[in-house]
There are 2 protein chains.
Amino acid sequence: MIAEAMWRVILDKGMEGATVRNIAEEAGLSLGALRHYFRTQDDLLVYAMTLVQERATARIEQVARQALPPKEMVLAVLYEIVPLNAETRAEMEVWFAFIAYVNHRKDELPIPDDGVLEGVRKVLAYLEVSRLLSEGLDIDLEVERLYGLMDGIAIHALLQPNRLDADRVRRTIRYHIESICKK
Amino acid sequence: MIAEAMWRVILDKGMEGATVRNIAEEAGLSLGALRHYFRTQDDLLVYAMTLVQERATARIEQVARQALPPKEMVLAVLYEIVPLNAETRAEMEVWFAFIAYVNHRKDELPIPDDGVLEGVRKVLAYLEVSRLLSEGLDIDLEVERLYGLMDGIAIHALLQPNRLDADRVRRTIRYHIESICKK
DNA sequence: TTTTATTTGATACAGGTGTATTGTTTATCC
DNA sequence: GGATAAACAATACACCTGTATCAAATAAAA
(Lines give C-alpha, C1' and ligand atoms only; values in the text may rest on other atoms or scores of the structure.)
Protein backbone atom coordinates (compact mmCIF):
# COMPACT_ATOMS: atom_id res chain seq x y z
CA MET A 1 0.00 0.00 0.00
CA ILE A 2 2.73 2.42 1.00
CA ALA A 3 4.97 0.95 -1.67
CA GLU A 4 2.27 1.54 -4.26
CA ALA A 5 2.07 5.14 -3.13
CA MET A 6 5.79 5.47 -3.64
CA TRP A 7 5.44 4.02 -7.14
CA ARG A 8 2.73 6.52 -8.01
CA VAL A 9 4.85 9.39 -6.75
CA ILE A 10 7.83 8.20 -8.78
CA LEU A 11 5.69 7.84 -11.89
CA ASP A 12 4.35 11.33 -11.37
CA LYS A 13 7.31 13.31 -10.08
CA GLY A 14 10.29 11.05 -10.66
CA MET A 15 12.88 9.97 -8.15
CA GLU A 16 13.57 13.57 -7.12
CA GLY A 17 9.93 13.96 -6.14
CA ALA A 18 9.92 10.77 -4.09
CA THR A 19 10.30 12.58 -0.77
CA VAL A 20 8.95 11.20 2.46
CA ARG A 21 6.40 14.00 2.60
CA ASN A 22 5.11 13.39 -0.93
CA ILE A 23 4.90 9.66 -0.34
CA ALA A 24 3.13 10.12 3.00
CA GLU A 25 0.58 12.43 1.42
CA GLU A 26 0.00 10.06 -1.51
CA ALA A 27 -0.52 7.22 0.97
CA GLY A 28 -2.87 9.34 3.08
CA LEU A 29 -0.58 9.22 6.07
CA SER A 30 1.18 11.72 8.24
CA LEU A 31 4.94 11.96 8.39
CA GLY A 32 5.01 10.26 11.77
CA ALA A 33 2.77 7.42 10.61
CA LEU A 34 4.97 6.73 7.62
CA ARG A 35 8.01 6.77 9.81
CA HIS A 36 6.36 4.25 12.09
CA TYR A 37 6.47 1.67 9.30
CA PHE A 38 9.78 2.70 7.72
CA ARG A 39 12.31 4.22 10.06
CA THR A 40 14.38 5.62 7.20
CA GLN A 41 13.78 6.54 3.58
CA ASP A 42 16.20 3.87 2.41
CA ASP A 43 14.18 1.18 4.18
CA LEU A 44 11.13 2.25 2.22
CA LEU A 45 13.12 2.38 -1.00
CA VAL A 46 14.45 -1.15 -0.62
CA TYR A 47 11.02 -2.46 0.29
CA ALA A 48 9.29 -0.80 -2.66
CA MET A 49 12.01 -2.00 -5.01
CA THR A 50 11.79 -5.59 -3.82
CA LEU A 51 8.05 -5.49 -4.29
CA VAL A 52 8.31 -4.39 -7.92
CA GLN A 53 10.69 -7.22 -8.59
CA GLU A 54 8.50 -9.81 -6.89
CA ARG A 55 5.42 -8.64 -8.71
CA ALA A 56 7.12 -8.88 -12.09
CA THR A 57 8.53 -12.30 -11.32
CA ALA A 58 5.11 -13.59 -10.23
CA ARG A 59 3.53 -12.31 -13.43
CA ILE A 60 6.14 -13.97 -15.61
CA GLU A 61 5.98 -17.29 -13.76
CA GLN A 62 2.23 -17.34 -14.17
CA VAL A 63 2.59 -17.00 -17.92
CA ALA A 64 5.25 -19.71 -17.94
CA ARG A 65 2.78 -22.13 -16.34
CA GLN A 66 0.31 -21.84 -19.20
CA ALA A 67 -0.05 -24.91 -21.40
CA LEU A 68 1.15 -23.72 -24.80
CA PRO A 69 3.26 -25.06 -27.64
CA PRO A 70 6.94 -24.56 -26.69
CA LYS A 71 7.72 -21.73 -29.05
CA GLU A 72 4.49 -19.90 -28.24
CA MET A 73 5.12 -20.25 -24.54
CA VAL A 74 8.64 -18.92 -24.92
CA LEU A 75 7.37 -15.90 -26.82
CA ALA A 76 4.63 -15.29 -24.25
CA VAL A 77 7.22 -15.25 -21.49
CA LEU A 78 9.52 -12.91 -23.37
CA TYR A 79 6.62 -10.56 -24.07
CA GLU A 80 6.05 -10.26 -20.34
CA ILE A 81 9.59 -9.01 -19.78
CA VAL A 82 9.03 -6.01 -21.97
CA PRO A 83 6.65 -3.05 -21.49
CA LEU A 84 3.74 -3.80 -23.81
CA ASN A 85 0.81 -2.41 -21.85
CA ALA A 86 0.16 0.35 -19.35
CA GLU A 87 0.76 -1.89 -16.36
CA THR A 88 4.09 -3.40 -17.37
CA ARG A 89 5.07 -0.01 -18.68
CA ALA A 90 4.53 1.68 -15.33
CA GLU A 91 6.34 -1.17 -13.63
CA MET A 92 9.33 -0.77 -15.89
CA GLU A 93 9.35 2.99 -15.49
CA VAL A 94 9.58 2.67 -11.72
CA TRP A 95 12.19 -0.06 -12.01
CA PHE A 96 14.28 2.09 -14.32
CA ALA A 97 14.18 5.01 -11.88
CA PHE A 98 15.17 2.70 -9.03
CA ILE A 99 18.12 1.20 -10.87
CA ALA A 100 19.45 4.55 -11.99
CA TYR A 101 19.22 5.89 -8.46
CA VAL A 102 20.72 2.87 -6.77
CA ASN A 103 23.54 2.71 -9.30
CA HIS A 104 25.57 5.44 -7.64
CA ARG A 105 24.98 4.10 -4.15
CA LYS A 106 26.28 0.59 -4.70
CA ASP A 107 28.11 0.60 -1.36
CA GLU A 108 25.09 1.51 0.74
CA LEU A 109 22.17 -0.05 -1.11
CA PRO A 110 21.80 -3.53 -2.57
CA ILE A 111 21.36 -3.68 -6.34
CA PRO A 112 18.54 -6.16 -6.76
CA ASP A 113 18.54 -8.72 -9.56
CA ASP A 114 15.52 -8.56 -11.85
CA GLY A 115 15.80 -12.24 -12.75
CA VAL A 116 15.73 -11.59 -16.48
CA LEU A 117 19.09 -13.25 -17.07
CA GLU A 118 17.95 -16.40 -15.30
CA GLY A 119 14.67 -16.32 -17.21
CA VAL A 120 16.47 -16.06 -20.52
CA ARG A 121 18.64 -19.03 -19.57
CA LYS A 122 15.59 -21.15 -18.82
CA VAL A 123 13.85 -20.08 -22.00
CA LEU A 124 16.75 -21.09 -24.21
CA ALA A 125 17.23 -24.34 -22.31
CA TYR A 126 13.57 -25.11 -22.89
CA LEU A 127 13.88 -24.52 -26.62
CA GLU A 128 16.93 -26.75 -26.58
CA VAL A 129 15.27 -29.73 -24.91
CA SER A 130 12.28 -29.22 -27.20
CA ARG A 131 14.71 -29.73 -30.09
CA LEU A 132 13.65 -26.47 -31.66
CA LEU A 133 17.02 -24.70 -31.67
CA SER A 134 19.23 -24.66 -34.74
CA GLU A 135 22.38 -26.76 -34.74
CA GLY A 136 25.76 -25.27 -33.99
CA LEU A 137 24.68 -22.42 -31.74
CA ASP A 138 26.86 -21.15 -28.91
CA ILE A 139 24.28 -21.33 -26.14
CA ASP A 140 26.34 -19.24 -23.74
CA LEU A 141 26.58 -16.37 -26.21
CA GLU A 142 22.96 -16.88 -27.26
CA VAL A 143 21.96 -16.25 -23.66
CA GLU A 144 24.02 -13.10 -23.52
CA ARG A 145 22.60 -11.95 -26.84
CA LEU A 146 18.95 -12.56 -25.96
CA TYR A 147 19.47 -11.02 -22.53
CA GLY A 148 20.90 -7.88 -24.06
CA LEU A 149 18.22 -7.78 -26.72
CA MET A 150 15.39 -8.02 -24.21
CA ASP A 151 16.62 -5.26 -21.93
CA GLY A 152 17.61 -3.10 -24.87
CA ILE A 153 14.18 -3.38 -26.42
CA ALA A 154 12.61 -2.79 -23.03
CA ILE A 155 14.46 0.48 -22.59
CA HIS A 156 13.77 1.60 -26.13
CA ALA A 157 10.08 0.84 -25.77
CA LEU A 158 10.14 2.81 -22.53
CA LEU A 159 11.95 5.86 -23.85
CA GLN A 160 10.60 5.91 -27.41
CA PRO A 161 7.04 4.55 -27.20
CA ASN A 162 5.97 6.36 -30.35
CA ARG A 163 8.69 4.94 -32.55
CA LEU A 164 8.72 1.48 -31.00
CA ASP A 165 5.13 0.41 -30.40
CA ALA A 166 3.94 -2.90 -28.97
CA ASP A 167 3.50 -4.56 -32.35
CA ARG A 168 7.00 -3.69 -33.47
CA VAL A 169 8.42 -4.96 -30.18
CA ARG A 170 6.66 -8.31 -30.63
CA ARG A 171 7.76 -8.62 -34.24
CA THR A 172 11.39 -7.97 -33.34
CA ILE A 173 11.41 -10.53 -30.54
CA ARG A 174 9.65 -13.13 -32.68
CA TYR A 175 12.07 -12.42 -35.51
CA HIS A 176 15.00 -13.11 -33.23
CA ILE A 177 13.57 -16.34 -31.84
CA GLU A 178 12.76 -17.56 -35.35
CA SER A 179 16.33 -16.80 -36.38
CA ILE A 180 17.75 -19.24 -33.83
CA CYS A 181 15.14 -21.98 -34.38
CA LYS A 182 15.10 -24.69 -37.03
CA LYS A 183 13.26 -23.84 -40.22
CA MET B 1 35.32 22.84 -18.29
CA ILE B 2 32.23 23.46 -16.20
CA ALA B 3 30.50 20.60 -17.98
CA GLU B 4 33.40 18.31 -17.10
CA ALA B 5 33.05 19.37 -13.48
CA MET B 6 29.39 18.42 -13.60
CA TRP B 7 30.30 15.02 -15.06
CA ARG B 8 32.77 14.38 -12.28
CA VAL B 9 30.22 15.31 -9.64
CA ILE B 10 27.63 13.01 -11.22
CA LEU B 11 30.16 10.17 -11.36
CA ASP B 12 31.01 10.73 -7.73
CA LYS B 13 27.72 11.62 -6.10
CA GLY B 14 25.11 10.78 -8.71
CA MET B 15 22.39 13.02 -10.04
CA GLU B 16 21.17 13.88 -6.54
CA GLY B 17 24.60 15.23 -5.72
CA ALA B 18 24.75 17.37 -8.84
CA THR B 19 23.79 20.56 -7.04
CA VAL B 20 24.92 23.97 -8.20
CA ARG B 21 27.10 24.30 -5.12
CA ASN B 22 28.84 20.96 -5.61
CA ILE B 23 29.41 21.69 -9.29
CA ALA B 24 30.72 25.18 -8.58
CA GLU B 25 33.15 23.82 -6.00
CA GLU B 26 34.32 21.05 -8.32
CA ALA B 27 34.89 23.64 -11.06
CA GLY B 28 36.71 25.95 -8.64
CA LEU B 29 34.14 28.70 -9.02
CA SER B 30 31.89 30.59 -6.68
CA LEU B 31 28.15 30.33 -6.87
CA GLY B 32 27.88 33.71 -8.52
CA ALA B 33 30.54 32.90 -11.10
CA LEU B 34 28.80 29.70 -12.10
CA ARG B 35 25.53 31.51 -12.36
CA HIS B 36 27.14 34.06 -14.64
CA TYR B 37 27.68 31.35 -17.26
CA PHE B 38 24.49 29.37 -16.65
CA ARG B 39 21.53 31.35 -15.42
CA THR B 40 19.68 28.24 -14.30
CA GLN B 41 20.57 24.69 -13.38
CA ASP B 42 18.61 23.33 -16.32
CA ASP B 43 20.72 25.39 -18.72
CA LEU B 44 23.83 23.75 -17.35
CA LEU B 45 22.21 20.33 -17.49
CA VAL B 46 21.25 20.66 -21.14
CA TYR B 47 24.69 21.98 -22.02
CA ALA B 48 26.54 19.19 -20.23
CA MET B 49 24.27 16.60 -21.76
CA THR B 50 24.76 17.90 -25.27
CA LEU B 51 28.50 17.85 -24.75
CA VAL B 52 28.53 14.18 -23.74
CA GLN B 53 26.56 13.32 -26.84
CA GLU B 54 28.82 15.33 -29.13
CA ARG B 55 31.94 13.84 -27.63
CA ALA B 56 30.69 10.31 -28.12
CA THR B 57 29.61 11.03 -31.68
CA ALA B 58 32.99 12.52 -32.53
CA ARG B 59 34.76 9.47 -31.13
CA ILE B 60 32.62 7.08 -33.11
CA GLU B 61 32.95 9.02 -36.36
CA GLN B 62 36.70 9.04 -35.99
CA VAL B 63 36.73 5.28 -35.76
CA ALA B 64 34.43 5.04 -38.75
CA ARG B 65 36.95 6.97 -40.83
CA GLN B 66 39.69 4.39 -40.30
CA ALA B 67 40.63 2.34 -43.33
CA LEU B 68 39.70 -1.20 -42.36
CA PRO B 69 38.08 -4.21 -44.00
CA PRO B 70 34.31 -3.69 -43.92
CA LYS B 71 33.49 -6.20 -41.24
CA GLU B 72 36.38 -5.09 -39.02
CA MET B 73 35.37 -1.49 -39.40
CA VAL B 74 31.79 -2.28 -38.48
CA LEU B 75 32.93 -4.12 -35.37
CA ALA B 76 35.27 -1.29 -34.42
CA VAL B 77 32.38 1.16 -34.62
CA LEU B 78 30.07 -1.05 -32.60
CA TYR B 79 32.75 -1.48 -29.95
CA GLU B 80 32.83 2.27 -29.53
CA ILE B 81 29.15 2.40 -28.67
CA VAL B 82 29.61 0.18 -25.67
CA PRO B 83 31.56 0.84 -22.44
CA LEU B 84 34.79 -1.11 -22.90
CA ASN B 85 37.29 1.12 -21.14
CA ALA B 86 37.32 3.59 -18.27
CA GLU B 87 36.64 6.57 -20.53
CA THR B 88 33.65 5.24 -22.40
CA ARG B 89 32.44 3.72 -19.17
CA ALA B 90 32.41 7.06 -17.39
CA GLU B 91 30.76 8.64 -20.41
CA MET B 92 28.02 6.05 -20.40
CA GLU B 93 27.52 6.33 -16.66
CA VAL B 94 26.90 10.05 -16.96
CA TRP B 95 24.67 9.56 -19.96
CA PHE B 96 22.63 6.96 -18.11
CA ALA B 97 22.12 9.30 -15.17
CA PHE B 98 21.07 12.10 -17.54
CA ILE B 99 18.55 9.98 -19.41
CA ALA B 100 16.98 8.61 -16.24
CA TYR B 101 16.65 12.11 -14.84
CA VAL B 102 15.31 13.72 -17.98
CA ASN B 103 12.83 10.86 -18.52
CA HIS B 104 10.32 12.19 -16.03
CA ARG B 105 10.67 15.77 -17.19
CA LYS B 106 9.83 15.20 -20.83
CA ASP B 107 7.66 18.30 -20.98
CA GLU B 108 10.28 20.71 -19.71
CA LEU B 109 13.56 19.26 -20.94
CA PRO B 110 14.46 17.96 -24.39
CA ILE B 111 15.35 14.26 -24.55
CA PRO B 112 18.47 14.22 -26.69
CA ASP B 113 19.09 11.52 -29.26
CA ASP B 114 22.32 9.58 -28.80
CA GLY B 115 22.55 8.77 -32.50
CA VAL B 116 22.98 5.05 -31.90
CA LEU B 117 19.91 4.15 -33.95
CA GLU B 118 21.19 6.13 -36.91
CA GLY B 119 24.65 4.60 -36.49
CA VAL B 120 23.22 1.10 -36.49
CA ARG B 121 21.30 1.89 -39.68
CA LYS B 122 24.47 3.04 -41.41
CA VAL B 123 26.46 0.06 -40.20
CA LEU B 124 23.95 -2.43 -41.58
CA ALA B 125 23.62 -0.51 -44.82
CA TYR B 126 27.39 -0.65 -45.18
CA LEU B 127 27.45 -4.40 -44.67
CA GLU B 128 24.67 -4.65 -47.24
CA VAL B 129 26.45 -2.71 -50.00
CA SER B 130 29.62 -4.65 -49.18
CA ARG B 131 27.61 -7.78 -50.01
CA LEU B 132 28.47 -9.33 -46.67
CA LEU B 133 24.95 -9.78 -45.33
CA SER B 134 23.12 -13.08 -45.61
CA GLU B 135 20.23 -13.38 -48.04
CA GLY B 136 16.65 -13.04 -46.94
CA LEU B 137 17.14 -10.78 -43.95
CA ASP B 138 14.52 -8.25 -42.90
CA ILE B 139 16.75 -5.20 -42.73
CA ASP B 140 14.21 -3.11 -40.85
CA LEU B 141 13.95 -5.68 -38.07
CA GLU B 142 17.69 -6.31 -38.17
CA VAL B 143 18.19 -2.62 -37.38
CA GLU B 144 15.79 -2.82 -34.47
CA ARG B 145 17.46 -5.99 -33.23
CA LEU B 146 21.02 -4.69 -33.40
CA TYR B 147 19.92 -1.39 -31.88
CA GLY B 148 18.33 -3.18 -28.95
CA LEU B 149 21.29 -5.51 -28.58
CA MET B 150 23.82 -2.69 -28.46
CA ASP B 151 22.02 -0.65 -25.82
CA GLY B 152 21.14 -3.76 -23.85
CA ILE B 153 24.74 -4.89 -23.75
CA ALA B 154 25.83 -1.37 -22.92
CA ILE B 155 23.58 -1.24 -19.87
CA HIS B 156 24.54 -4.71 -18.75
CA ALA B 157 28.23 -3.91 -19.06
CA LEU B 158 27.58 -0.76 -17.06
CA LEU B 159 25.59 -2.36 -14.27
CA GLN B 160 27.33 -5.74 -14.13
CA PRO B 161 30.97 -5.11 -15.04
CA ASN B 162 32.18 -8.17 -13.19
CA ARG B 163 29.91 -10.62 -14.95
CA LEU B 164 30.09 -8.96 -18.37
CA ASP B 165 33.68 -7.95 -19.00
CA ALA B 166 35.08 -6.30 -22.12
CA ASP B 167 36.08 -9.55 -23.77
CA ARG B 168 32.66 -11.09 -23.34
CA VAL B 169 31.04 -7.93 -24.72
CA ARG B 170 33.20 -8.09 -27.84
CA ARG B 171 32.55 -11.78 -28.34
CA THR B 172 28.81 -11.30 -28.09
CA ILE B 173 28.75 -8.46 -30.59
CA ARG B 174 31.04 -10.31 -32.99
CA TYR B 175 28.89 -13.41 -32.62
CA HIS B 176 25.82 -11.45 -33.61
CA ILE B 177 27.44 -9.81 -36.62
CA GLU B 178 28.78 -13.16 -37.81
CA SER B 179 25.29 -14.61 -37.48
CA ILE B 180 23.88 -12.16 -40.02
CA CYS B 181 26.81 -12.34 -42.44
CA LYS B 182 27.46 -14.89 -45.18
CA LYS B 183 29.53 -17.91 -44.17
C1' DT C 1 43.99 56.96 -17.57
C1' DT C 2 39.37 56.94 -17.46
C1' DT C 3 35.36 54.57 -18.80
C1' DT C 4 32.93 50.64 -19.79
C1' DA C 5 31.87 45.81 -19.62
C1' DT C 6 32.85 41.34 -17.98
C1' DT C 7 33.74 38.25 -14.35
C1' DT C 8 33.66 37.02 -9.65
C1' DG C 9 32.39 36.79 -4.77
C1' DA C 10 29.51 37.12 -0.45
C1' DT C 11 25.33 37.08 1.39
C1' DA C 12 20.26 36.60 1.65
C1' DC C 13 15.91 34.52 0.89
C1' DA C 14 12.11 31.38 0.76
C1' DG C 15 11.35 26.89 0.62
C1' DG C 16 12.25 21.86 0.78
C1' DT C 17 14.92 17.82 2.90
C1' DG C 18 15.35 13.58 6.25
C1' DT C 19 15.00 12.60 10.80
C1' DA C 20 13.85 13.22 15.84
C1' DT C 21 10.86 14.25 19.57
C1' DT C 22 6.73 14.22 22.02
C1' DG C 23 2.22 13.61 22.62
C1' DT C 24 -2.40 11.69 21.48
C1' DT C 25 -5.44 8.54 19.71
C1' DT C 26 -6.87 3.84 18.66
C1' DA C 27 -6.82 -0.99 19.11
C1' DT C 28 -5.62 -5.41 21.58
C1' DC C 29 -5.29 -8.31 25.29
C1' DC C 30 -6.07 -9.99 30.26
C1' DG D 1 -13.34 -2.53 32.93
C1' DG D 2 -8.10 -1.15 32.95
C1' DA D 3 -3.45 -1.93 31.13
C1' DT D 4 -0.35 -2.43 27.40
C1' DA D 5 1.10 -1.73 22.90
C1' DA D 6 0.52 -0.28 18.34
C1' DA D 7 -0.70 3.43 15.18
C1' DC D 8 -0.80 8.03 14.11
C1' DA D 9 -0.20 13.22 14.19
C1' DA D 10 2.07 17.79 15.03
C1' DT D 11 5.94 20.19 15.56
C1' DA D 12 10.88 21.17 15.66
C1' DC D 13 15.63 20.85 14.19
C1' DA D 14 19.62 21.39 11.40
C1' DC D 15 20.79 21.40 6.90
C1' DC D 16 20.59 21.74 1.90
C1' DT D 17 18.22 23.52 -2.30
C1' DG D 18 17.96 26.98 -6.53
C1' DT D 19 17.84 31.54 -7.37
C1' DA D 20 18.39 36.62 -6.53
C1' DT D 21 20.76 40.69 -5.12
C1' DC D 22 24.46 43.74 -4.91
C1' DA D 23 29.01 45.08 -4.52
C1' DA D 24 33.88 44.36 -5.54
C1' DA D 25 37.49 43.01 -8.58
C1' DT D 26 39.39 42.43 -13.04
C1' DA D 27 39.79 43.15 -17.94
C1' DA D 28 38.97 45.74 -22.35
C1' DA D 29 38.27 49.74 -24.85
C1' DA D 30 38.43 54.70 -25.44
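The chains referred to below are lettered A, B, ... by the order of the sequence lines, with proteins before strands, and numbering in each begins at 1.
- Rounding to whole angstrom units, CE of residue B:Met1 and C1' of C:dT7 are separated by 16 Å.
- Regarding A:Leu29, its CG atom lies at a distance of 12 Å from the P atom of D:dA7, rounded to whole Å.
- Within residues 98-112 of chain A, no residue has a heavy atom under 4.0 Å from DNA chain D.
- Atom CZ in A:Arg35 sits about 16 Å away from atom P in D:dA6, given to the nearest Å.
- Sorted pairs that involve residues 28-40 of chain B and meet side chain to side chain donor-acceptor pair (under 3.5 Å), not counting sequence neighbours, are lacking altogether.
- The nearest whole Å value for the distance from the CZ atom in B:Arg39 to the P atom in C:dT7 is 13 Å.
- At D:dC8, none of the side-chain N or O atoms of A:His36 fall inside 4.0 Å of OP1 or OP2 (strictly under the cut-off).
- Residue pairs meeting the ring pair (Phe, Tyr, Trp, His ring centres under 6.0 Å) criterion with at least one partner in residues 137-170 of chain B, sequence neighbours excluded, are A:Tyr147-B:His156, A:His156-B:Tyr147.
- Between the axis at the start and the axis at the end of the helix from C:dT1-D:dA30 to C:dC30-D:dG1 there is an angle of 10°, using five pairs per end and rounding to 10 degrees.
- As rounded to whole Å, 17 Å separates atom C1' of C:dT8 from atom CD of B:Glu25.
- For the pair B:Asp138 and B:Arg145, the salt-bridge criterion is not met [side-chain N within less than 4.0 Å of a carboxylate O].
- Contacts classified as side chain to side chain donor-acceptor pair (under 3.5 Å) and involving residues 101-111 of chain A (residues at least two apart or in different chains) are given here: A:Asp42-A:Arg105, A:Tyr101-A:Arg105, A:Asn103-A:Lys106, A:Asn103-B:Glu93, A:His104-B:Glu16, A:Arg105-A:Glu108.
- Taking atom CD1 of residue A:Ile23 and atom C1' of nucleotide C:dT19, one finds them 14 Å apart after rounding to whole Å.
- Under a 4.0 Å N-O distance rule, the pair B:Arg163/A:Glu144 qualifies as a salt bridge.
- Shown here are the side chain to side chain donor-acceptor pair (under 3.5 Å) partners of B:Thr50, two or more places apart in sequence or in another chain: there are none.
- Taking B:Glu54 as the reference, nothing meets the salt bridge (Lys or Arg N to Asp or Glu O under 4.0 Å) condition, with sequence neighbours excluded.
- Sorted by first and then second residue, the side chain to side chain donor-acceptor pair (under 3.5 Å) pairs involving residues 109-120 of chain B (not counting sequence neighbours) are B:Glu118-B:Arg121.
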For residues 80-89 of chain B, dump all side-chain donor-acceptor pairs below 3.5 Å to protein atoms at least two apart in sequence or in another chain.
| residue | atom | partner | partner atom | Å |
| --- | --- | --- | --- | --- |
| B:Glu80 | OE1 | B:Arg59 | NH1 | 2.5 |
| B:Asn85 | OD1 | B:Glu87 | N | 3.0 |
| B:Asn85 | OD1 | B:Thr88 | N | 2.9 |
| B:Asn85 | OD1 | B:Thr88 | OG1 | 3.1 |
| B:Thr88 | OG1 | B:Leu84 | N | 3.1 |
| B:Thr88 | OG1 | B:Asn85 | N | 3.2 |
| B:Thr88 | OG1 | B:Asn85 | O | 3.2 |
| B:Arg89 | NH1 | B:Ala157 | O | 3.2 |
| B:Arg89 | NH2 | B:Leu158 | O | 3.2 |

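- Screening residues 11-34 of chain B for ring pair (Phe, Tyr, Trp, His ring centres under 6.0 Å) gives no qualifying pairs among residues at least two apart or on separate chains.
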Practice prompt. Produce a footprint string for nucleotides 10-18 of chain D: one letter per nucleotide, 5' end first; B if the base is under 4.0 Å from any protein heavy atom, S if only the sugar-phosphate is, - if neither.
Written response: --B----BB
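- At the phosphate of C:dT6, neither OP1 nor OP2 sits under 4.0 Å from any side-chain N or O atom of B:Tyr37.
- We find that CG of A:Leu34 is positioned 13 Å from P of C:dT17, with the value rounded to whole Å.
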For residues 126-136 of chain A, which side-chain N or O atoms pair as donor and acceptor with protein atoms under 3.5 Å away, sequence neighbours left out?
| residue | atom | partner | partner atom | Å |
| --- | --- | --- | --- | --- |
| A:Ser130 | OG | A:Tyr126 | O | 2.8 |
| A:Ser134 | OG | A:Ile180 | O | 3.3 |
| A:Ser134 | OG | A:Cys181 | O | 3.2 |

